[in-house]
Amino acid sequence: MAEAILDVDLLAFERGSQRAREAVVDGVRRSLATGFVYTSSDLPVDLLDSAYGVLQRFFALEPEAKRCFRAPGANGQTGYTELLVETAAGSVHPDWKEMLNWSAPLPLGHPLRRRFPQLYPEQLLPEAAVPGITVLLAEFHRAIADLQRRFLRVIALGMGCAEDFFEEMVSEAPTLTRALRYPPMADAPAQGHLWAAAHGDINLITALPRATGPGLQVRVAGEWLEAAPPEGRVIINTGLMLERLSNGRIPTGWHRVMAPAGATSERHSVVQFCHARPWTILAPVPSCCSPHHPQRYSAIRAADALEEVLYRINLLES
Ligand SMILES: O=C(O)CCC(=O)C(=O)O
Ligand SMILES: [Fe+2]
């Protein structure tokens, strides 16, 4: 098992020699034993700067103003979610974080949206409070989603699948981008809260393009390690859906967000959860099953797997 999170070069995979491609596939495969990997990317820095700019303007609004942008019935899949709502599965304390979620809308008549309306809610963004935010965040979402789609090509090869194995699965999926603000811990209402308690993400893979400060930790071989990527790198971590598809060969990256001891500042970050189309049947692929690795998971529909986790983390509204 790899003990370290490796730094790989997605752009070398895409533009380099066969040897360079194989080195990236191998690096990703080894690093993902931790559930985490860092990668180069071509996300434009000015897009990141402007997206973080509008998000900070939103989070700086008064609590009352932010509450106007909640989306009742959307199960946290769009709009604003207040502090102390999301609660990691198995944790008794809700997380000391607030968030804004958005995705790429599908046309009303699209069969995926008709079958799974809760996963494709009408988008709610705070355009009235921060003019221009909708267009900017839509572009930001597209750029990260494209990076994730490309990164999955490397993972597919590492799983012994065709390079384009994930292409159809993630096309028009309810991939979700989430901006988070973690307030200073001194303002938390009680002991026991963390910025985000330990959890595995529900989806295939998650991309974290930038955070304004440390705090993200990864559980590797029973110890919590700081996820501290080199400047400019994107963090990719694995989720429960990929663990199932890979028959456990690619474990879920187990992580939490904890304020560094003595820290007085807040933290902002953006994560994007890359999902499978909700009608995908998630079952271990044959290339990851063998007499040495007998099939460990049964098949489940992606929508059902997601709904179960939303319930467990206190986001499913009754
Ligand atoms: O803020 C971060 O660095 C990670 C957030 C996270 O793990 C999540 O929202 O699932
Ligand atoms: Fe997470």
Side-chain angles (χ1 to χ4, degrees), residues 5 32 34-39 41 43 48 51-52 55-56 59 75-91 93-103 140-141 144 148 174-185 188 193-220 224-243 250-260 263 265-275 305-306 309-310 312-315:
I5 306 171
L32 288 186
T34 69
F36 275 67
V37 61
Y38 307 136
T39 182
S41 88
L43 284 177
L48 279 158
Y52 272 76
L55 289 164
Q56 295 204 355
F59 284 121
N75 305 316
Q77 302 302 287
T78 187
Y80 173 64
T81 301
E82 287 174 82
L83 294 162
L84 302 175
V85 173
E86 188 169 296
T87 308
S91 173
H93 301 288
D95 292 340
W96 187 229
K97 69 185 184 199
E98 56 183 334
M99 45 202 196
L100 185 68
N101 288 278
W102 69 98
S103 54
F140 189 41
H141 175 91
I144 311 173
Q148 301 224 66
T175 288
L176 187 72
T177 309
R178 163 184 287 185
L180 295 129
R181 173 180 171 265
Y182 303 93
M185 284 315 297
H193 299 285
L194 292 186
W195 273 345
H199 66 279
D201 294 341
I202 160 66
N203 42 297
L204 290 167
I205 58 170
T206 304
L208 300 91
R210 179 195 278 179
T212 59
L216 179 61
Q217 298 181 340
V218 187
R219 193 157 174 89
V220 181
W224 289 105
L225 299 183
E226 287 300 319
E231 177 74 23
R233 296 300 202 281
V234 172
I235 303 175
I236 302 281
N237 72 261
T238 54
L240 296 160
M241 291 183 183
L242 187 62
E243 176 166 332
I250 305 180
T252 302
W254 203 250
H255 55 284
R256 68 181 182 186
V257 189
M258 247 181 106
S265 51
E266 59 179 31
R267 177 177 186 270
H268 289 251
S269 72
V270 169
V271 302
Q272 186 186 73
F273 305 111
C274 178
H275 274 274
L306 177 56
V309 173
L310 290 177
R312 288 216 215 109
I313 65 176
N314 194 35
L315 286 182

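Atoms within each ligand, like the ligands themselves, are counted from 1 in listed order.
- In this structure, Y182 and W195 have tilted ring planes: the angle between them lies in the 30° to 60° band.
- Residue contacts with ligand 1, taken as heavy atom pairs separated by less than 4.0 Å, involve R178 solely via side-chain atoms from C-beta onward.
- Of all the heavy atoms in L180 and M99, the pair that sits closest is CD2-SD, 4.0 Å.
- The side-chain hydrogen bond (donor to acceptor under 3.5 Å, both in side chains) check on Q56 picks up nothing, with sequence neighbours excluded.
- Distances below 4.0 Å separate heavy atoms of L208 from the following atoms of ligand 1: 2 (C), 3 (O), 4 (C).
- Atom numbering of ligand 1 starts at 1 in the shown order; those under 4.0 Å from a heavy atom of L180 are 1 (O), 5 (C), 9 (O).
- Across all their heavy atoms, L240 and G200 have their closest contact at CD1-O, 4.3 Å.
- Side-chain atoms of L306 and F273, non-hydrogen and from C-beta on, never get closer than 4.5 Å to each other.
- Close contacts between ligand 1 and S269 involve ligand atoms 1 (O), 2 (C), 3 (O) [criterion: under 4.0 Å to a heavy atom].
- Residue-ligand proximity, Y182 to ligand 1, at heavy-atom distances under 4.0 Å covers atoms 1 (O), 2 (C), 4 (C), 5 (C).
- At a 4.0 Å heavy-atom cut-off, ligand 1 does not touch W195 at all.
- By the salt bridge (charged side-chain N to carboxylate O under 4.0 Å, His left out) test, E82 pairs with R67, R70, sequence neighbours left out.
- Inter-residue side-chain proximity for R219 and H255 is flagged as unmet; no heavy-atom pair is nearer than 4.5 Å.
- Using a 30° and 60° split on the angle between ring planes, H193 and W96 fall in the tilted class, from 30° to 60°.
- The distance from ligand 1 to the heavy atoms of D201 drops below 4.0 Å at these ligand atoms: 10 (O).
- The main-chain N or O of P174 is never found under 3.5 Å from a side-chain atom of Q77 such that the two would form a donor-acceptor pair.
- Protein atoms of type N/O/S that fall under 2.8 Å from the Fe ion (ligand 2) number 3 in this view.
- Each of the atoms 2 (C), 4 (C) of ligand 1 lies under 4.0 Å from some heavy atom of V257.
- Close approach of ligand 1 to H255 is summarised as follows: ligand atoms under 4.0 Å from at least one heavy atom of the residue are 7 (O).
- Of the protein's non-hydrogen atoms, H199 NE2, 3.1 Å is the one closest to atom 10 (O) of ligand 1.
- The closest approach between a heavy atom of M99 and any atom of ligand 1 is not below 4.0 Å.
- Taking each heavy atom of K97 and P183 in turn, the nearest pair found is CA-CD, 4.3 Å.
- Neither the backbone nor the side chain of T206 has a heavy atom within less than 4.0 Å of ligand 1.
- Judged as a side chain to side chain contact (heavy atoms under 4.5 Å, CB included), and not counting sequence neighbours, the contacts of S103 are Q123, H141, L176.
- Residues H275 and M241 have side chains in contact (heavy-atom distance under 4.5 Å, counting atoms from C-beta outward).
- The shell of residues lying under 4.0 angstrom from ligand 1, judged by heavy atoms, excludes R256.
- Side-chain contact between V270 and F140 is present, with at least one heavy-atom pair separated by less than 4.5 Å.
- For ligand 1, the atoms lying closer than 4.0 Å to a non-hydrogen atom of F273 are 8 (C), 9 (O), 10 (O).
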